[in-house]
Colleague: 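My structure is below; once you've seen it, I'll send some questions.
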Amino acid sequence: MAARMSASDGAAAVPGGAVATGAAGGEASAFLAACRRQPVRHRPIWIMRQAGRYLPEYRALREKVDFATLTRTPELAAEVTLQPLRRFPLDAAILFSDIMTPLQGMSVELDFEPAPVVREPIRSVAQIEALPALVPARDVPFVLETLRLVRRDLPRGVPLIGFAGAPFTLLCYLVCGRPSKEFAAARTFLYAQPQAAQRLLTHLAEAMAQYLAAQAEAGAQALMLFESWAGLLGRREFERFALPAVRRTAATLRSAGVPLIYYVNDGAALMPTVAALDVDVVGIDWRLDIGEARRILGPEKAVQGNLDPAALFAPSEELRRHADAVLDAAGPAPGHIFNLGHGIWPDTDPEAVARLVDHVHEWESRA
Ligand code: CP3
């Protein structure tokens, strides 16, 4: 059931034309209903990193334009946001950008290689104090413009997710300078300079609150915070450093009136703590059984996840069984959004994604 994109204001159509609608084209969004733990006619699904290198059309564009330019050019960022929606009847779109983009707006110089590399890692109080506040309309206007363009061209019933990095995860990149397995410099910083770390986290929490509030104002219908490096922390350090910062961001966003999703990677041991956080949805990685996560998080939270991205490499019949295992574990209670446990891998076959989306959409009618 493909529907035409609405070019309602008659402006130039986004190249590529038709966008497939989720099974709910023109109807209320299954994704937003699930965020609010309301019953849905089909299980909503979207995929972390759904716009990206596994799509040949993304790679074709990247041959011509570097990543940073893509994120800073609203027409191109909007085009990339819509690319996966043209192929698959996904239930949500996610802004094409990066967690480091707003930091570039705060004068942090970095390169994407393709992972972010910060030229001058932050290690001192003086550097933290020199970090300016983020004024989204001044510092990252292109992100807000991208959201407006995407909203114009998305089919009705498919909402747009805005996002930011969670403060601790941003701290990891800022302090270490580049991704690493242990993020030793970031963890050392927490123990060696706890007050400086708190200060940086508070600053980032406020900046991301401003950033996400501006995204909601520009048209984002749900907001997601990525805590990609939560798994580096023991529960005590998570509670001391990462959590208060997220709480600060989340508190500001309550008045935005859109669902808030907190994705916690490698966070099985942290779930009892996360349960007390005032967010609508908790996203989890594949290591934790999603039924177990729901039991720990309780009936007040929706959950998002959690198929292993590697499962997309299984033969089709087995992929269906792996998806069923997630759906079975999540159970019939409202409040489950199907997703991968982490971002899709660049060498994934788009056909496997097509099969997964259809299979998940048919679940409620099979049950
Ligand atoms: O999900 C989407 O489709 C929206 C776009 C998006 C990107 N990055 C595009 C991107 C989102 C939501 C992100 C978030 C992000 N970025 C996170 C949190 C989610 C997670 O994966 O844990 C993190 C940790 C980053 C930091 C980052 N940026 C890394 C580690 C990398 C390189 C490796 C990778 O996964 O691709 C990037 C670069 C980046 N961000 C690319 C894309 C499509 C690849 C750049 C390229 O085209 O060369």
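Source: prediction; values computed, not measured. Ligands are counted one by one from 1 in listed order, and the atoms in each one are counted from 1 as well.
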Colleague: How far is atom 9 (C) of ligand 1 from its nearest protein heavy atom, and which residue and atom name does that atom have?
Modeller: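 Atom 9 (C) of ligand 1 sits closest to the protein heavy atom S97 O, 3.2 Å.
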Colleague: Have Q304 and Y263 got a donor and an acceptor in their side chains that come within less than 3.5 Å?
Modeller: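 There is no such pair between these side chains.
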Colleague: Before accepting this row, confirm whether a basic side-chain N of the pair E239/R247 lies closer than 4.0 Å to the acidic partner's carboxylate O.
Modeller: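 Between R247 and E239 there is no salt bridge, as every charged N stays at least 4.0 Å from the carboxylate O atoms.
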Colleague: Side-chain contact, heavy-atom cut-off 4.5 Å: P309 with T348?
Modeller: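 When only atoms from C-beta onward are counted, T348 and P309 do not touch, as no gap falls below 4.5 Å.
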Colleague: Quick one: nearest non-hydrogen protein atom to atom 3 (O) of ligand 1, plus distance?
Modeller: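 The closest heavy atom on the protein side is A51 N, 3.0 Å.
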Colleague: Could you check whether F67 and F96 have their ring centres less than 6.0 Å apart?
Modeller: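 Between F67 and F96, which both carry aromatic rings, the centre distance is below 6.0 Å.
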Colleague: Who gets closest to atom 47 (O) of ligand 1 by heavy atom: Y54, Y173, Y58?
Modeller: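 When every heavy atom of Y54, Y173, Y58 is considered, Y58 comes closest to atom 47 (O) of ligand 1.
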Colleague: What are the two closest non-hydrogen atoms of T146 and P74, and how far apart are they?
Modeller: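 Reported closest heavy-atom pair: OG1-CA, 3.3 Å.
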Colleague: Short question: side chain of N265, backbone of H342 - any donor-acceptor pair under 3.5 Å?
Modeller: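 Pair absent, no side-chain N/O of N265 close to backbone of H342.
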Colleague: Would you indicate which of E113, H342, Q83 comes nearest to atom 21 (O) of ligand 1 when only heavy atoms are counted?
Modeller: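 Nearest option to atom 21 (O) of ligand 1, by heavy atoms: H342.
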Colleague: Tell me whether E237 is salt-bridged to R187, with the criterion being a basic N under 4.0 Å from an acidic carboxylate O.
Modeller: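 No salt bridge links E237 with R187.
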Colleague: Any heavy atom of P179 closer to ligand 1 than 4.0 angstrom?
Modeller: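 No, P179 has no heavy atoms under 4.0 Å from ligand 1.
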Colleague: Nearest to atom 38 (C) of ligand 1, what protein heavy atom do you find, and at what distance?
Modeller: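 The protein heavy atom lying closest is P114 O, 3.2 Å.
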Colleague: Of the listed options (W46, F96, F67), which comes nearest to atom 45 (C) of ligand 1 when hydrogens are ignored and any heavy atom counts?
Modeller: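 Going through W46, F96, F67 one by one, F67 has the nearest heavy atom to atom 45 (C) of ligand 1.
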Colleague: Any idea which protein heavy atom is nearest atom 28 (N) of ligand 1, and the distance to it?
Modeller: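 The closest heavy atom on the protein side is D98 OD1, 2.7 Å.
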Colleague: For the pair E206 (side chain) and A133 (backbone), establish whether a donor and an acceptor sit closer than 3.5 Å, ignoring hydrogens and angles.
Modeller: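 Such a contact is absent between E206 side chain and A133 backbone.
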Colleague: Looking at R41 and E364, is there a salt bridge between them, counting it only when a charged N and a carboxylate O are closer than 4.0 Å?
Modeller: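 A salt bridge is absent here (no side-chain N lies under 4.0 Å from a carboxylate O).
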Colleague: Minimum distance, heavy atoms only, to atom 33 (C) of ligand 1: which one of M48, R178, M100, R53 is it?
Modeller: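 Of the listed residues, R53 has the closest heavy atom.
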Colleague: What protein heavy atom sits nearest atom 15 (C) of ligand 1, and how far away is it?
Modeller: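 Atom 15 (C) of ligand 1 sits closest to the protein heavy atom R49 NH2, 3.1 Å.
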Colleague: Using a strict threshold of under 4.0 Å (side-chain N to carboxylate O), is an ion pair present between R36 and D280?
Modeller: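 Between R36 and D280 there is no salt bridge, as every charged N stays at least 4.0 Å from the carboxylate O atoms.
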Colleague: Please confirm whether N265 approaches ligand 1 to less than 4.0 Å, judged on its heavy atoms.
Modeller: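 Distance cut 4.0 Å: N265 fails for ligand 1.
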Colleague: Has R320 got a side-chain atom pairing as donor or acceptor with R355's backbone, closer than 3.5 angstrom?
Modeller: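 Not confirmed, R320 side chain does not pair with R355 backbone.
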Colleague: Going by the order shown, which atoms of ligand 1 are within less than 4.0 Å of some heavy atom of S228?
Modeller: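 Atoms satisfying the 4.0 Å criterion: 18 (C), 19 (C), 20 (C), 22 (O), 24 (C).
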Colleague: Can you figure out which of A115, P116, P309 has its heavy atom closest to atom 27 (C) of ligand 1?
Modeller: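 Comparing heavy atoms across A115, P116, P309, the nearest one to atom 27 (C) of ligand 1 lies in P116.
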Colleague: Which of the atoms of ligand 1 are close to R62, meaning less than 4.0 Å from one of its heavy atoms?
Modeller: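 Those qualifying, in numeric order: 46 (C), 47 (O), 48 (O).
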Colleague: May I ask you to list the atoms of ligand 1 that are less than 4.0 angstrom from any heavy atom of I94?
Modeller: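 Result: 1 (O), 2 (C), 3 (O), 4 (C).
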Colleague: One residue to check: L95. Relative to ligand 1, which of side chain, backbone, both or neither has a non-hydrogen atom less than 4.0 Å away?
Modeller: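 Only the backbone of L95 comes within reach of ligand 1.
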Colleague: When you measure from the heavy atoms of T71 to every atom of ligand 1, does any distance fall below 4.0 Å?
Modeller: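 So T71 does not count as touching ligand 1.
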Colleague: Report the nearest protein non-hydrogen atom to atom 12 (C) of ligand 1: residue, atom name, distance rounded to 0.1 Å.
Modeller: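 The protein heavy atom lying closest is F163 CZ, 3.4 Å.
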Colleague: Identify whether V281 and V40 are in the same connected component of the hydrophobic contact network (ILVMFWY, side-chain heavy atoms under 4.5 Å).
Modeller: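 No, because V281 and V40 fall into different hydrophobic clusters, even though each may have its own neighbours under 4.5 Å.
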Colleague: Numbering the atoms of ligand 1 from 1, which are under 4.0 Å from a heavy atom of F226?
Modeller: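 Those atoms are 12 (C), 18 (C), 19 (C).
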Colleague: Tell me whether P346 reaches ligand 1 (any heavy atom closer than 4.0 angstrom to a ligand atom).
Modeller: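 P346 does not count as a contact of ligand 1 under the 4.0 Å cut-off.
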